[in-house]
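The structure under discussion appears below in the form of structure tokens.
Quick note: residue numbers are just sequence positions, from 1. Predicted model, so just to flag it, every value in this text is computed and none were measured. Whatever order the structure lists them in is the order used to number ligands and atoms, beginning at 1. Note: hydrogens, waters and symmetry copies are ignored here, and every other heavy atom, side chains too, is used.
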Amino acid sequence: MTQNCSMVLGLEIHMQLKTDSKMFCGCKNDPFFSDANTNVCPVCMGLPGAMPIPNLNAIKSAQIFSNALGAKLQTKIIYERKNYFYPDLPKGFQLTCPHNPIAVGGSLSGINFREIHLEEDTAKSIHTGDLTLIDFNKSGVPLLEIVTEPDFTDIDEAVEFCKEIQLIVRYLGISEADMEKGNMRLEANISVRKLGQKELPNYRVEMKNINSFSFMKKALQYELRRQSGALTVGEKLVQETRGFNETTGKTFTQRSKEEANDYRYFPEPDIPIIEIDEKWMNEITTRKILLPSELRTQLKEKGLNDQYVLRLVGDFSLYEKYLAVLDLGYSPSESANFVVNISEYKEKSPSEIDKIEKSKRSSKISNESVLLPIVETVVNKNLKVVSDYKSGNTSAMQFLIGQVMKSTQGKADAQIVASMLAKLLP
Ligand code: ADP
Ligand code: MG
Ligand code: ZN
């Protein structure tokens with residue numbers, strides 16, 4: 001960045017929620033794996049007169065997320081029609097709740113949220129040759145949108161923020177947030193101002209369709225250079241939507257302000273105002289949810305290594321399994337080892353793991369008089385290794401222990417074998 005200006009950056013993050021059914025109809029929410037146009041009905045195909053019915057589970061997921069991040073849940077949610085035309089939106093409007101959203105405020109890593117709302121996804125356009133085909137499986141999938149304040153001052157900070165949001169929704173189990181599958185989509189708004197300028201620039205450049213973190217970083221770095229350069233030489237910067245060409249590494253104008261949409265929002269007449277009563281509200285707000293960052297600190301304090309922490313924080317169900325194993329009396333690192341590393345335990349429940357562990361432990365051979373003949377046989381059969389050991393090769397000892405383990409099918413107590421060998425081979 002040139003030294004005389006600073007960056008202003010705000011994000012809009014969209015994530016498909018992992019509900020059974022879609023946002024306003026009973027169709028299966030499975031946009032990625034189903035055959036095209038199999039999860040469809042008059043509502044999500046936008047046929048005239050079809051009646052939308054809000055998915056309360058989707059609203060709850062959005063509220064759980066919002067509450068975990070300290071956002072204020074709203075008692076009234078109002079769905080409105082956002083009118084625009086596009087082939088993937090044949091009914092001519094998208095249902096969303098921009099003015100009376102799910103929640104307002106809240107923050108993460110010092111970045112404030114403006115609002116969190118829940119809308120319906122559009123259908124998917126597939127371009128093949130001269131044709132554009134539309135798959136409606138994605139139409140009407142619940143889409144969570146987080147809008148931040150323009151609080152970011154650093155591109156890497158924004159990328160880390162998105163990764164943390166991804167981690168949180170996965171951890172909460174509400175979205176797969178897979179960028180490659182399009183479960184998670186990012187929009188970045190960026191502008192620059194002179195150092196010391198307090199007010200926000202009177203324009204912003206919107207970058208849409210960012211489909212990977214590295215794409216986001218490259219596109220924003222280019223845009224920052226372009227805008228800083230323009231500001232430095234006194235060129236006027238304008239409000240517009242820009243795309244990023246990965247081949248050229250440059251951004252380009254897609255839509256300027258003059259062509260900007262006027263969405264003519266108005267309340268959806270077929271969906272009454274959704275009022276969240278006290279009981280519902282309490283059900284969500286009284287649950288204290290540990291954020292991944294807090295969980296990370298807690299697990300590190302328990303002495304778990306980085307590999308364990310990474311795995312447990314990234315997968316809430318694995319973490320729950322870890323807790324259940326811990327409850328059975330195993331130490332934190334034993335429990336983490338069982339659920340993270342041991343493939344045999346992957347499909348096993350905590351009580352099954354406990355059973356197997358107990359039987360392994362009880363069948364261990366730790367009786368020295370039973371082990372002695374086996375240890376002696378191994379020594380006699382490996383005289384070359386024994387002399388290596390005597391001349392200072394410490395890995396020779398590991399080999400001998402390994403041979404004893406092998407001839408006992410892994411049942412010998414390795415520690416006892418080690419001390420017997422040490423006594424036997426002075
Ligand atoms: P709306 O979508 O209602 O027009 P805004 O334009 O205020 O709302 O904000 C949309 C997004 O753009 C938000 O994420 C916000 O943080 C960001 N934003 C707003 N102003 C700027 C700016 N001058 N520079 C960069 N980002 C901005
Ligand atoms: Mg917007
Ligand atoms: Zn449907």
For ligand 1, which atoms have a heavy atom of Thr148 less than 4.0 angstrom away? 13 (C), 14 (O), 15 (C), 16 (O)
At a non-hydrogen distance cut-off of under 4.0 Å, which region of Leu11 contacts ligand 1 (side chain, backbone, both, or neither)? backbone
Residue of the set Ser34, Ser21, Ser139 for which side chain to side chain donor-acceptor pair (under 3.5 Å) holds with Asn39: Ser34
Which value, rounded to 10°, describes the SG(Cys44)-the Zn ion (ligand 3)-SG(Cys41) angle? 120°
Taking only heavy atoms of Ser191 into account, list the atoms of ligand 1 that are under 4.0 Å away from them. 22 (C), 23 (N), 24 (N), 25 (C)
Please classify the Val147 to ligand 1 contact at 4.0 Å (heavy-atom distances, strictly less than): side chain, backbone, both or neither. side chain
Using heavy-atom distances only, which candidate in Arg204, Glu12, Glu206, Arg193 approaches atom 1 (P) of ligand 1 most closely? Arg204
With heavy atoms of Glu149 as the reference, note each atom of ligand 1 found under 4.0 Å away. 16 (O)
Do Gln74 and Asn100 meet the criterion of a side-chain donor-acceptor pair at a distance under 3.5 Å? no
Within the 6.0 Å centroid threshold, strictly below: Tyr79 and Phe24: yes
Can a side-chain donor-acceptor contact be found between Ser256 and Glu240 if the only test is distance below 3.5 angstrom? no
Verify whether the ring centers belonging to Tyr330 and Phe338 lie closer than 6.0 Å. yes
Find all atoms of ligand 1 within a distance of less than 4.0 Å from any non-hydrogen atom belonging to Pro201, and give their numbers and elements. 23 (N)
Are any side-chain N or O atoms of Tyr171 and backbone N or O atoms of Leu290, one a donor and one an acceptor, separated by less than 3.5 Å? yes
Residue-level breakdown please: for Arg114 versus ligand 1, do any non-hydrogen atoms fall below 4.0 Å on the side chain, on the backbone, on both, or on neither? side chain
Under 6.0 Å between the ring centres of Tyr222 and Phe244? no
